Amino acid sequence: MAATAAQPMSSLPSGLGVCTTAPDIFYLPELVFGGLVWILVASTLITPPNPLGWVMFVSVFCFVMTFLWMVIFAAGGHRNSSGWAAADFAYHGLAAFFYLSAGVDLAYITLLVKPHNSRIYHIDIAAVVFAFIATLLYFIHTILSSIRWKNF
């Protein structure tokens, strides 16, 4: 049975339904904005290494896990189990928390370090904006996943 946009929140989508149903429609924007954070932070000078290392870990971890999560859902590996609905809620909640902490760290370091190169400063500001957009996307996905889990 093909998944449609009218699919109830009490089931998990598979196939192309992952790209058309809430909350799973957020997978692709999460990948895009998370990838942009990863690319922008990696393209600048990593100083100080500890907080920016955390930002890199969060962006790479969430990018890889979100991609794998999307592939598992698209392949139907969840078998419409309520355990997968709970795991979806837990993962996206954790990812939202991670991105919030990484975005705050990145914003603090961007304000603290006055670079001599304004190009790097602008790249860091763009990374901060994209980190907070990714946080918002993961947070919305978490809320919608919790509703789906509750209705399961």
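Since the model is a prediction, treat every value here as computed from it, not as a measurement.
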Query raised in the report: Quick check, are the ring centers of Phe57 and Trp54 under 6.0 angstrom apart?
Result: yes

**Report entry** Stepwise side-chain contact (heavy atoms from CB on, under 4.5 Å) check, Trp38 with Phe130
**Finding:** CA-CA 10 Å; Trp38 177 8; Phe130 292 142; over 6 Å; no

Report task. Assess whether side-chain contact (heavy atoms from CB on, under 4.5 Å) is satisfied between Leu136 and Phe33, documenting all intermediate values. Result -> CA-CA 11 Å; Leu136 179 65; Phe33 286 104; over 6 Å; no

**Report entry** Donor-acceptor contact below 3.5 Å, side chain His141 vs main chain Leu137
**Finding:** no

Query - Short side-chain to backbone donor-acceptor contact, Thr142 and His92, under 3.5 Å - result: yes

Query - Donor-acceptor under 3.5 Å (Ser43 side chain, Leu40 main chain) - result: yes

**Report entry** pair Phe98-Thr135: side-chain heavy atoms closer than 4.5 Å
**Finding:** no

Requested in this report: Sequence neighbours left out, what pairs pass salt bridge (charged side-chain N to carboxylate O under 4.0 Å, His left out) with at least one residue falling in residues 21-47?
Outcome: Asp24-Arg148

Query - Shortest non-hydrogen contact from Phe67 toward Leu31 - result: N-CD2, 3.8 Å

Query - Test side-chain contact (heavy atoms from CB on, under 4.5 Å) applied to Phe152 and Leu12, step by step - result: CA-CA 9 Å; Phe152 213 88; Leu12 298 172; 3.8 Å; yes

Query - same_hphob_cluster(Ile39, Phe63) at 4.5 Å side-chain heavy-atom cutoff - result: no

Query raised in the report: Is there a donor in the side chain of Thr66 and an acceptor in the side chain of Tyr138, or the other way round, less than 3.5 Å apart?
Result: yes

Report task. Quick one: closest heavy-atom pair of Ala102 and Val55, and the distance? Result -> O-CG2, 3.4 Å

Requested in this report: Decide side-chain contact (heavy atoms from CB on, under 4.5 Å) for Ser59 and Val41; before the verdict, give the C-alpha distance in whole Å, the side-chain angles of both, and the deciding distance to 0.1 Å.
Outcome: CA-CA 9 Å; Ser59 61; Val41 172; 5.9 Å; no

Report task. Using a cut-off of 6.0 Å, state whether more than 12 heavy atoms not belonging to Phe97 lie near its atom CZ. Result -> no

